[in-house]
Chemist: 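Just passing along the structure, written as structure tokens.
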Amino acid sequence: MVGSRLLSRLPLLQLLPRPSPIHQFSLCSSTLRAQSSWHRSTPQRATAQRSHPPPFPFKPFKIFKFKMASDSDDDMPLARTNGRVSNAHISKSVDKAMDESNGSKPAPAGISIRNGPIVDEMDVDEPATNGHAKRKSRGSTSKPVNYNQQGSESEDDDIPLAKRQRTTTKVEESDSDDEPLATKKQPGKLPPKNTAILGESSDDDEPLNAKLAKKKATIEKKAAKEAKTIRAKDKKPAKKVKDESSEEDVKPKAKRKANGTTTAKKANGVKKEESDSDAPLAKKGAAAKGKGKAATNGKVKVEASPKKGAKKGESEEAEEVYRWWDAPKKEDDSIKWETLQHNGVVFPPEYEPLPKNVKLLYAGTPLTLSIEAEEVAGFFGAMLNSTHNVENPTFQKNFFADLKEIVKKTGGAKDKDGNKVDLKDFSKLDFKPIFNYYDAKNQEKKARSSAEKKADKAAKDEMEAPYVHCIWDGRKEQVGNFRVEPPGLFRGRGEHPKTGKVKQRVLPEQITINIGKEAIPPAPPEGHKWKAIQHDNKATWLVMWQENINGAYKYVMLAAKSSIKGQSDYKKFEKARQLKEHIDRIRKDYERDLKAELMADRQRATAVYLIDKFALRAGNEKDSENEAETVGCCSLKFEHVTLKPPNTVVFDFLGKDSIRFYDEVTVHEQVFKNLKIFKKAPKKEGDDIFDRLNTTQLNKHLTNYMPGLSAKVFRTYNASFTMSSLLKELPKKANLSMQEKIKLYNDCNRKVAILCNHKRTIGAGHEAQMEKMTDRIKGLRYQKWRIKHMILDLDPKQKKKKGAEWFEYEEGIDDEWIVEHIAFLVQEQRTKIEKKFAKENEKLVADGQKEMKAKELTDRLKEADVLEKKLKKEHKSKKVEAEGKGPSVEKFEANLKKLDERIATMNLQAEDREGNKEVALGTSKINYIDPRLTVVFSKKFDVPIEKFFSKTLREKFTWAIESIEDEDDWEF
DNA sequence: AACCCTACTTAGCATTTACGAA
DNA sequence: TTCGTAAATGCTAAGTAGGGTT
């Protein structure tokens, strides 16, 4: 039993044979990412010839579209019309049946045991597959679909099938047969099972679960209580929401929208409108005089504030900040500005052709390409060290297709004699010369003297100065991303079907400018014109264009520290706080609706439960043909959820950015039962779990409780509320060191990050660094041992007093290690002496004196020999002679104390590092944790805010830092 | 409801800069 | 000072969400 449990915890890959040489995969599970295989493969650089891409994936199979009149069950609407669906109603008998099949008593609900125990119970609903095994189908984008299978599906007349287009992309990995299972299975980052992330001991499963459950329950109860108090205080009785039908009395958004004059048409019409955009231009020029600030040449005059002269603290003093948090609230916040002027965007530099001797090779032949084709080749060549892109077959396929196209369109590829070269085989291309060229260029750039670098930077800053700021309602505000994205290769994440395609250079003709009517619009580059100029003051963007890969919109907006972003940040957190007033009612309702007879209601309730408890994202529909297949709550599929009786649920799917979400949780019994129903046959892999729910419906339901409430608010709410609770719980111990306080805060932060599944790749050197740290700690323990024995040397009676045990080795060190350590110390000493010697000699020479003789060095090195002898002797005899002048037991005890302190801080650091290795704290700090919580903590614990917020973060959160100034009792 | 369009937030990784140990 | 690492910042992809249209 114990054995099998242990076994089940072992990462699968360790049990599998080594991969074939062609695909050597890193076996470090933690570094494996969503994208399978090709990246992180071999340590050698992938030259084009070497990294034979397997034959390209097949064209995706299109799944036939089926049109069905309506749900076979009844006429209830379906949220999702693809795949197999559930019945619209849940009959008593089905409900009952699910009850009966439910085995033993359930564990406490609503908790994650992501790192805890793994119940070795088989799945209820599936053949014995574990998360990894299932990953296979998932990992290769989707289940292996074939026409036969489809055919059999279509025969199943009772099941309504796709009304909406549903396509499945199948990326076959040609050599998949050779590939060991493990390499493909690994979809993303997975926290190691045995790391106690929550800082609690994980060696003892039951109590941990119980503890966590209790904690969570307490937090929730607290939330409910708070909600009640707030409502009582406010005395504005929150509206009762029973179901969708009552929604008429609450019309939050629509109303607000209605009273603003609509410029929506204008915004929508960007495309159609292009033609008339030039005419108004002239008029505007005349109108621009209104605001005196516009300079003649259309540039906004902004003192570039190079802070050369006023280097001191008051350099910023001229820029008085707009303290919007002190200003009265705006009545209509759909109007974002009254006047707006800016200078548009900075375009990336034009392409610089390669020198004549640097060429792309095809089967060894240098190719002459058009400048356009050469540029595209250069995109690839420049990123050769990004193996994770460059070795990805999809990336190669997409890139090669685009390269061939541009080559063909621009006159073909020629050899040195002008003969046409047909590019047939990607693997025959060699980008090495191009790579080397760019690499050398980079080195050169890096090698510039610091003065040179400074000068270059200054020149660049000056060039960009006009774009850094805009004038928003007469105030100077910083612009965020004023640089147009340069052309390159699209780096889609995960198994993005379009990754590697050429991202084209953006032309002014594609760019729309949004600017005040009163302002002079920036002039397009010589010989060009803008796509359009508009004056939509309900939009916050200054410049917009559409990218060619996905047709995605790219916006130039203000920086995070700007008032407008600050305000919306503030609003976001206020909205999350507002949720506190409604959360108990929402929870009560969904608990009730978990048993709803209507499938749609039951699914919705279940989804809200998951979103609330496990911080899942909403899970909008995605276009499976053109995007990586990732999911959120509403888009969870059959294979992403595994059920283990009595009430354990395993989530395993790729979420945003193709980051793996893996969590093993216990849920409310009814939730477990519901999931079972939602997965009931004939549903199978590939089918939606929530087939009668989508995010629109979900959010519409949530809005009933509170205007503006949507699924994502729960993430903010739960993150901030959790942080708040955790910080409150912190021990009120007095004399904590600064380090310890910071650690406490970071621990809370980390829990929130784990809740939100914020991950990062483990740094390459992590393992080595951890080792170094533990070694240093051991070194300190060794020193402790020595000092203790010095005490013994001075006063042998101490042996009785302290007890013999006190004089033994501390944890982690033993004879063997000490021998090593002594060697290390001696070597260290030697190096030190040598270095010092060399340095002194250098100085002597510089002063015109002659060097010391080598003999001097040998003499000095004897010191190290002496040390070695001494330490070895100590180690052998277990006796240490007291060191230092005027040695005393007291002094040594003081030393020990100091060592203990150092050990403690180092331990903290090491723990911190280990805990952080694959959790990214930043994202939650930037986006989810109400900054005011941090400010309050900083004040309460008397730790400067700088310890928590970097400069940019302090600027972004100025509103929080300033507005909490005199409110120590602020609560989320 | 399905679908498309738009605009905004959230996210991880890449690159740059700051910083601390040698 | 120099070097190497870690933190900070920059970049842009990938989400959410809501409105409009059909």
Side-chain angles (χ1 to χ4, degrees), chain A residues 33-34 77-81 163-165 189 252-254 257 262 264-265 267-271 336 383 385-386 388-389 442 446 453 457 480-481 483 485-486 488 490-494 496 498-499 503 514 536 538-541 544 546-547 549-555 557 559-560 564-565 568-569 572 617-623 627-628 630-632 634 655-659 694-700 702-703 708-713 715-716 756-761 763-765 768-769 772 828 831-832 835-836 839 913 916 920-924 926-928 949-953:
Chain A
R33 317 302 310 274
L78 285 167
R80 295 165 181 255
T81 45
K163 259 185 226 142
R164 182 164 49 75
Q165 173 188 32
K189 305 177 195 183
K253 215 127 253 183
K257 276 277 137 118
T262 179
K265 240 183 205 142
N268 292 344
V270 163
K271 267 191 205 138
K336 304 297 188 352
M383 60 192 291
N385 47 17
S386 168
H388 123 93
N389 288 304
N442 277 338
K446 248 190 235 154
K453 278 186 198 161
K457 173 119 191 334
N481 52 328
R483 277 177 276 260
E485 293 174 15
F490 175 69
R491 292 150 91 115
R493 305 185 189 157
H496 198 295
K498 294 190 174 179
T499 193
K503 191 166 105 170
N514 192 38
D536 180 1
K538 290 192 170 166
T540 67
W541 52 270
M544 180 268 277
Q546 234 171 334
E547 151 263 355
I549 310 270
N550 302 298
Y553 295 87
K554 301 290 189 154
Y555 299 92
M557 293 187 190
I564 191 71
K565 292 286 188 187
S568 75
D569 219 24
K572 172 183 78 185
R617 293 192 182 83
N620 280 331
E621 290 282 337
K622 292 187 78 184
D623 167 4
E627 293 175 279
T630 61
V631 299
C634 293
K656 183 176 179 181
D657 293 310
S658 292
I659 294 293
N694 63 30
T695 54
T696 309
Q697 294 167 322
L698 182 85
N699 285 337
K700 207 171 148 208
L702 292 175
T703 319
L709 183 60
S710 65
K712 87 191 269 279
V713 180
R715 257 168 95 79
T716 316
C756 297
N757 201 42
H758 291 144
K759 296 191 188 171
R760 62 172 191 170
T761 31
Q769 276 155 12
K772 213 163 128 191
E828 196 181 43
T831 342
K832 226 183 213 164
K835 272 200 177 153
K836 193 167 173 226
K839 210 166 196 173
R913 180 183 285 268
N916 276 345
L921 302 192
T923 307
S924 51
I926 294 171
N927 298 307
Y928 288 105
F949 291 156
S950 69
K951 180 168 164 286
T952 31
L953 230 39

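Naming convention: chains lettered A, B, ... in sequence-line order (proteins, then strands); numbering from 1 in each chain.
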Chemist: Mind checking A:A552 for me? I need base, sugar-phosphate or nothing, with any heavy atom below 4.0 Å counting as a touch.
Modeler: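 The answer is nothing, as A:A552 stays clear of every strand by at least 4.0 Å.
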Chemist: Starting at the 5' end of DNA chain C and moving along, which residue's nearest nucleotide shows up first, A:E547 or A:L953?
Modeler: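 First, find each residue's nearest nucleotide; the 5'-ward one identifies A:L953.
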Chemist: Which nucleotide sits closest to the side chain of A:N694: B:dA2, B:dA7, C:dA17?
Modeler: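 Of all the options, the side chain of A:N694 is nearest to B:dA2.
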Chemist: Measuring from atom CG of A:N699 to atom CG of A:N620, what distance do you get when rounded to the nearest 0.5 angstrom?
Modeler: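 Going from CG on A:N699 over to CG on A:N620, the span is 8.0 Å.
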Chemist: Please enumerate all residues that pass side-chain contact (heavy atoms from CB on, under 4.5 Å) together with A:D569, with sequence neighbours excluded.
Modeler: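 For A:D569 the side-chain contact (heavy atoms from CB on, under 4.5 Å) partners, ignoring immediate neighbours, are A:K572, A:F573, A:K956, A:F957, A:W959.
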Chemist: Counting heavy atoms from C-beta on, name the nucleotide in B:dA7, C:dT16, B:dA14 closest to the side chain of A:R491.
Modeler: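 Nearest listed nucleotide: B:dA14.
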Chemist: Between B:dA11, C:dA17, B:dC8, which nucleotide has the shortest distance from any of its atoms to the side chain of A:M557?
Modeler: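 The answer is B:dC8.
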Chemist: From the options C:dG15, C:dT12, C:dC11, select the nucleotide whose nearest atom is closest to the side chain of A:R483.
Modeler: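 Of all the options, the side chain of A:R483 is nearest to C:dC11.
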Chemist: Categorize A:K712 for me: base, sugar-phosphate, or nothing, with a 4.0 angstrom heavy-atom threshold over every strand shown.
Modeler: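 Counting heavy atoms under 4.0 Å across all strands, the contact made by A:K712 is with sugar-phosphate only.
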Chemist: Quick check for you: among B:dC8, C:dT12, C:dG15, whose closest atom lies nearest to any side-chain atom of A:T630?
Modeler: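 Minimum distance to the A:T630 side chain belongs to C:dG15.
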Chemist: Which nucleotide in the list B:dC8, B:dA1, C:dT12 gets nearest to the side chain of A:Y555?
Modeler: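 Taking heavy atoms from C-beta onward, the closest nucleotide is B:dC8.
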Chemist: Of all the choices, B:dG12, B:dA7, B:dA14, which nucleotide is nearest to the side chain of A:I659 once you look at every atom?
Modeler: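 In terms of side-chain proximity for A:I659, the closest of B:dG12, B:dA7, B:dA14 is B:dG12.
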Chemist: For a quick check of understanding: with a heavy-atom distance under 4.0 Å over all strands, which category does A:T540 fall into, base, sugar-phosphate or nothing?
Modeler: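 Sugar-phosphate only.
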Chemist: For A:S924 and A:T696, find the nucleotide of DNA chain B closest to each by heavy atoms; which residue's nucleotide sits nearer the 5' end?
Modeler: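 Per heavy-atom nearest nucleotide, the more 5' residue is A:T696.
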Chemist: Pairs under 3.5 angstrom, nitrogen or oxygen only, protein versus nucleotides 5-7 of chain C, please.
Modeler:
from, atom 1, to, atom 2, distance (Å)
C:dA6, OP1, A:Q769, OE1, 3.1
C:dA6, OP1, A:Q769, NE2, 3.3
C:dA6, OP1, A:R913, NH1, 2.9
C:dA6, OP1, A:R913, NH2, 2.9
C:dA6, OP2, A:Q769, OE1, 3.4
C:dA6, OP2, A:Q769, NE2, 2.9

Chemist: Can you figure out which of B:dC8, B:dT9, C:dG18 approaches the side chain of A:N699 most closely?
Modeler: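 Output: C:dG18.
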Chemist: Are any of A:S710's side-chain N or O atoms less than 4.0 Å away from OP1 or OP2 of C:dA17?
Modeler: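 So the side-chain polar atoms of A:S710 do come within 4.0 Å of the phosphate oxygens OP1 or OP2 of C:dA17, strictly under.
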Chemist: Whole Å only: how far is the NZ atom of A:K572 from the P atom of B:dC8?
Modeler: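 So the two atoms are 15 Å apart, to the nearest Å.
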Chemist: Categorize A:K446 for me: base, sugar-phosphate, or nothing, with a 4.0 angstrom heavy-atom threshold over every strand shown.
Modeler: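 Contact class for A:K446: none.
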Chemist: Polar-atom pairs under 3.5 Å, protein N or O versus N or O of nucleotides 17-22 of chain B: list them with distances, or write none.
Modeler:
from, atom 1, to, atom 2, distance (Å)
B:dA22, O3', A:K835, NZ, 3.1

